[in-house]
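All remarks here apply to the structure that follows.
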There are 2 protein chains.
Amino acid sequence: MYRAPVEDIAHTLKDIAGLAAAMEQGRFGDLSGDLVDAILEEAGKFASTRVAPLLQVGDKHGTPLKDAEISMPPGWKDVYQEWVSGGWNALTGKEEFGGQALPMMLAIATFEMWNSGSMAFGIGPTLTLGAIEALEAHATEELQQTYLPKLVSGEWMGTMNLTEPQAGSDVGALRTRAERADDGTYRIFGSKIFITYGEHDLTDNIIHLVLARLPDAPAGTKGISLFLVPKYLVNEDGSLGARNDVFCSSIEHKMGIHGSPTCTMIYGDGFAKGSEPGAIGWLIGEENRGLACMFTMMNNARLAVGIQGVAVAEAAYQKALTYAEDRRQMRAPGWSGEGMSPIIEHPDVQRNLLTMKALTGAARSISYACAFALDMAKTGTIEEARYWSDRANLLTPVAKAFSTDIGVDVASIGIQIHGGMGFIEETGAAQFLRDARIAPIYEGTNGIQAIDLVQRKLALGGGQHIKGYIDELRTIADAVAASNNPILGETADRLRAALNDLEATSIWLQETLANKQISEALAGATPYLRLFGLAAGATYLAKGALAGGDDRHKVLARFFAENLLNETVALKDRVLNGAASMLGARSALSL
Amino acid sequence: MYRAPVEDIAHTLKDIAGLAAAMEQGRFGDLSGDLVDAILEEAGKFASTRVAPLLQVGDKHGTPLKDAEISMPPGWKDVYQEWVSGGWNALTGKEEFGGQALPMMLAIATFEMWNSGSMAFGIGPTLTLGAIEALEAHATEELQQTYLPKLVSGEWMGTMNLTEPQAGSDVGALRTRAERADDGTYRIFGSKIFITYGEHDLTDNIIHLVLARLPDAPAGTKGISLFLVPKYLVNEDGSLGARNDVFCSSIEHKMGIHGSPTCTMIYGDGFAKGSEPGAIGWLIGEENRGLACMFTMMNNARLAVGIQGVAVAEAAYQKALTYAEDRRQMRAPGWSGEGMSPIIEHPDVQRNLLTMKALTGAARSISYACAFALDMAKTGTIEEARYWSDRANLLTPVAKAFSTDIGVDVASIGIQIHGGMGFIEETGAAQFLRDARIAPIYEGTNGIQAIDLVQRKLALGGGQHIKGYIDELRTIADAVAASNNPILGETADRLRAALNDLEATSIWLQETLANKQISEALAGATPYLRLFGLAAGATYLAKGALAGGDDRHKVLARFFAENLLNETVALKDRVLNGAASMLGARSALSL
């Protein structure tokens, strides 16, 4: 069973992502290292003892739908309510709405733990958090007062309603329509698919944030507005009123995260008898400016999905490690014990476990560094805020895509370590792969993240931000070299080579885009993002290793640098030289 | 729905693996290119129209067990019997037992098609084939006459009973016991797990080949004997007699291949009332020499499992390609059509599809080349036979591990191309990953294959066989250079570089083993096997491209050489320099 790696998480927050130095500078008010430790410790306990037991229950029972209502798996409601009572939903909410106004990076660290316990459980509050952020940033005072206190506490949950069958990655293609009513509200008509937690019985009310199009809206993304549509209308006194005309019509039969209901939602189909037609909605932000509001939700959701990759990787690693220490097969070279050796003694198994651990640590570092940048963007001068905001924007697609890719890879290695038992569902190793497999897809596929990184994020700060970032990473490589610590082996040289690869590809992509060779640049987007993740992740692990503590951080950083980081050579080649043999290769694609 | 790629398969058999040249030399008697085409065409039809429709039925229904009997999914028995009537089980069997004595490579090509249609269907006959080979090689004349005609036709099916809970990869640890009876038969007692097709209703009888230990047997692998244990005893006239004391006690709930029953088999537990205790078995080969017999089954089974990787990759590719041509999202750079472009127009999707196609073609080439070597080992002089037998032995672990690894990778990319739909089970993309995930595990995990390649196969021919193989591949690279064809781009240089990497790592591993640095060598076993697969696969694709035909083979060979083959640089580094940071890194592996 999962045991929250509180020490590794604290180490990554403080020594790698930058929390320790920032607290020393007083950037986070009176937040102290001890308080951070206490929060992580408590969250770890809850995740390990209360959330983790939901994992297989959710997978087995799923979320049956009957008469437009969904029953969550046995035990889930109790744990959710206990979780809400513990204040876990309210970590980052504003104090005026009952939140604790703690840094996002702390919430992200706890999200890792909930998702390690059960990704299907963790995704619900992730979406509530997105709704909270959208309302905090864009909703009227009145809507905020009505909805935020209960969303911040977790008494109600929120959803994001974007996708329609013809509008997946391309939200501009959506058709759900909103009509203005005389009282200033709107009536929503249409249907949405793939709505996570669109319906459930964990909370009394569900607050849907819905993208729709006004009758006179311009075509495409410039004609999209965002609406708040509650499952139950809310009376003036805060009590629940009439059932709104939004219903779940079906749920998906998915490969994984069976405990997370994935709903088709029907708006304004008259299911709620006796009311006027149309689901009653309230505008968030301005008409036709819904995309901006949506990005508020989506950016942080992308980071939170990246964390799901880290989380499942961690859980898969723990299970595989336990199995490898226990299971005995054959005699490893050099084994001097009696009988068969634990399989962890076999070099190939050791390579697999080290790869799992190193990739997980790297993805965690990148994700926490991204969260740190989000927090820093709320402190200091305007210039500082812009710098940190750029940093968060730069790292978001990498945190999302690199982490979820390695989540799948690590879960798959975990199955392999279990041998035949890995393929048996009762073991639980297979579920990690089935659960993890959605994360590279939702909240923008990883291909879209790579395009975003290349086309938008390399342009941040007039193209200078990425250069500054690489220079910062180089100072870490220099510090590794200066440390002259033999335990770190060739780490410094390896980091320098990889950062050179990152720089060369970054510049080449900027130039290629400037030359309007868009296809040539995008042909290398995915290899570039992976290169970015490896180079940054390896450097972060080395940064953590330099912070002191026991040798295991150094040993892991060296393993990454000497065994995994060499992939950047191949990736650089794909970015710089791959397009010629790729574009125009359509003739090879045939049945 | 799957459509058998008959042209690609014929091209790989004839122009890459070597069938065309060998037929010209008369190595395969009167086998002609036309006959090969006709067989492939018919097999393709059967696989596409009869087997492929079983795929999702098998996944959904599974194989329920009741009173020790298993019902196969709806429709399966009809298709299996039709398949047997078509003579498909008998392609390679000896003529004296009703077989068609065709080359193994043709059977392997048809196995690819059955497994593309449904891997859970294909694995059954794979095991029957293993049983046939073991009996042909090691059983007494009497046993052969009794069992081979019906196994060759497919009227009965065969199984391999190796695994026990404590004896997975390490068969030497097994405990099932065999006692000598007065009549020359044996009584088998014990239980076996993970027995594929251990029980089912496709055929009237099931012939189990069971590894067990005699009371006076030496410990370990030198004390293992192989027994034939039929589900029903066979009377002198060939009719079925009494039920033997072997029963299925439970089946596994697996991640994939739900249509393939995975059984726990109990031998000699007295379930069959009224008989003496013990399952009645007949010795195959000599007492305590069962391991040699088992390897006869297992070597070809390893190749056949490799083919499953190729097969699922092909099916996943076809589904993804169809979706990518159909699904429209956003406007790709350079798209001049109306509205949204098909997603295949997006460079990133194109990279994914080309990667799927190229890896599949490479794995197919290696696997067919391995099958070709098996066939050639049965022709020519003793020296030639040894040479080709060495070749088959060298390529078997690569065919098994590289193909099944890319099977998983390609299936996962296939999900990604489908976006959200890929995660929905009804789409079918997810099933390919769930099915494919077992192939790197069974018939010897891919880690074991890598160890086998490094420790045993690099030593073939006194360490010279691998060198000769690399030289042969180099002549292909030279021919690519000499062709001077601009469509092939930098293919020749890329191949030469990769083959240098393959040579350098092969020599380093041989030397390191000679120096008794076993752990150092095995630390690089998995990267080495992957390097081998990439270098050989890329070279084979180029060989096929040189054989003429349309440009698509050239385009694909170039894509592989310029976009995928560069991974060998990183892999070489891991083999040569990776051990230092890996061995002794146990301290990093903790919870």
Side-chain angles (χ1 to χ4, degrees), chain A residues 3 168-170 194 252-255 318 321 329-330 333-334 340 347-348 350-351 353-354 357 415-416 419-420 423-426 430 437-438 440-441 445 447 450 489 518-519 522-523 525-526 551-552 555-556 558-559 562-563 566-567 569-570 573-574 577-578 580-582 585 587-589 591, chain B residues 3 168-170 194 252-255 318 321 329-330 333-334 340 347-348 350-351 353-354 357 415-416 419-420 423-426 430 437-438 440-441 445 447 450 489 518-519 522-523 525-526 551-552 555-556 558-559 562-563 566-567 569-570 573-574 577-578 580-582 585 587-589 591:
Chain A
R3 197 178 72 190
S169 301
D170 193 348
F194 296 167
E252 305 293 348
H253 174 217
K254 307 189 298 295
M255 184 185 196
Q318 291 192 11
L321 177 62
Q329 283 288 277
M330 303 197 269
M340 297 194 282
D348 195 65
Q350 209 159 314
R351 171 180 290 280
L353 287 165
L354 284 164
K357 175 94 180 168
I415 292 177
Q416 191 68 22
F423 201 59
I424 308 299
E425 286 291 359
E426 282 78 2
R437 194 60 195 77
I438 186 58
I441 294 172
T445 66
I518 313 297
S519 292
L522 295 188
T526 289
D551 283 348
R552 65 196 179 91
V555 167
L556 194 70
R558 179 182 175 188
F559 172 78
E562 296 186 15
N563 266 288
N566 46 25
E567 195 185 323
V569 178
D573 185 39
R574 276 171 218 175
N577 308 308
S581 68
M582 233 190 83
S587 71
L589 296 176
L591 289 186
Chain B
R3 197 178 73 191
S169 301
D170 192 347
F194 296 167
E252 305 292 349
H253 173 218
K254 306 188 300 293
M255 182 185 197
Q318 292 191 11
L321 177 63
Q329 283 290 276
M330 303 197 266
M340 297 194 281
D348 196 64
Q350 209 159 314
R351 172 181 290 280
L353 286 165
L354 285 164
K357 175 93 178 169
I415 292 177
Q416 191 68 21
F423 201 60
I424 307 299
E425 286 291 0
E426 282 78 1
R437 193 61 194 80
I438 186 57
I441 295 171
T445 66
I518 313 297
S519 293
L522 295 188
T526 289
D551 282 351
R552 67 196 178 90
V555 167
L556 193 69
R558 180 182 175 189
F559 171 79
E562 295 186 15
N563 267 288
N566 45 25
E567 196 186 324
V569 178
D573 185 38
R574 278 172 217 175
N577 308 309
S581 68
M582 232 190 85
S587 72
L589 296 175
L591 287 186

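Chain naming here is simple, since letters A, B, ... match the order of the sequence lines and numbering starts at 1 in each. What you see below is based on every heavy atom in this structure, not just the backbone, and it leaves out hydrogens, waters and symmetry mates. Since we're looking at a predicted model, the values are computed, not measured.
- Closest approach of A:R558 to B:A580, counting heavy atoms only: NH2-CB, 3.5 Å.
- The minimum heavy-atom distance between A:M330 and B:S169, with the atom names listed, is CE-CB, 3.8 Å.
- When heavy atoms are compared at a cutoff of 4.5 Å, A:K254 approaches chain B by way of both its backbone and its side chain.
- Not counting sequence neighbours, the partners of A:E425 by the salt bridge (Lys or Arg N to Asp or Glu O under 4.0 Å) test are A:R434.
- By the salt bridge (Lys or Arg N to Asp or Glu O under 4.0 Å) test, B:D573 is found to be paired with A:R494, residues two or more places apart in sequence or in another chain being considered.
- Between A:N577 atom CG and B:N566 atom CG the span is 9.0 Å, to the nearest 0.5 Å.
- Contacts of A:R3 with chain B are made by side-chain atoms alone, with heavy-atom separations under 4.5 Å and no backbone atom involved.
- The two residues B:N563 and A:G578 have their closest heavy-atom pair at ND2-O, 2.9 Å.
- Contacts of B:F423 with chain A are made by both backbone and side-chain atoms, with heavy-atom separations under 4.5 Å.
- Under the 3.5 Å distance criterion, the side-chain polar atoms of B:R351 are matched with a main-chain donor or acceptor of A:A523.
- Using a distance-only test at 3.5 Å, with no hydrogens or angles considered, no donor-acceptor pair links the side chain of A:D170 to the main chain of B:Q329.
- The parts of A:I415 that come within reach of chain B are both its backbone and its side chain, each placing non-hydrogen atoms under 4.5 angstrom from that chain.
- Here the closest non-hydrogen pair linking A:I441 and B:G419 is CG2-C, 3.3 Å.
- Nearest approach of B:S581 to A:F559, heavy atoms of both residues: OG-CA, 3.7 Å.
- In this structure, no portion of B:A450 lies under 4.5 Å from any heavy atom of chain A.
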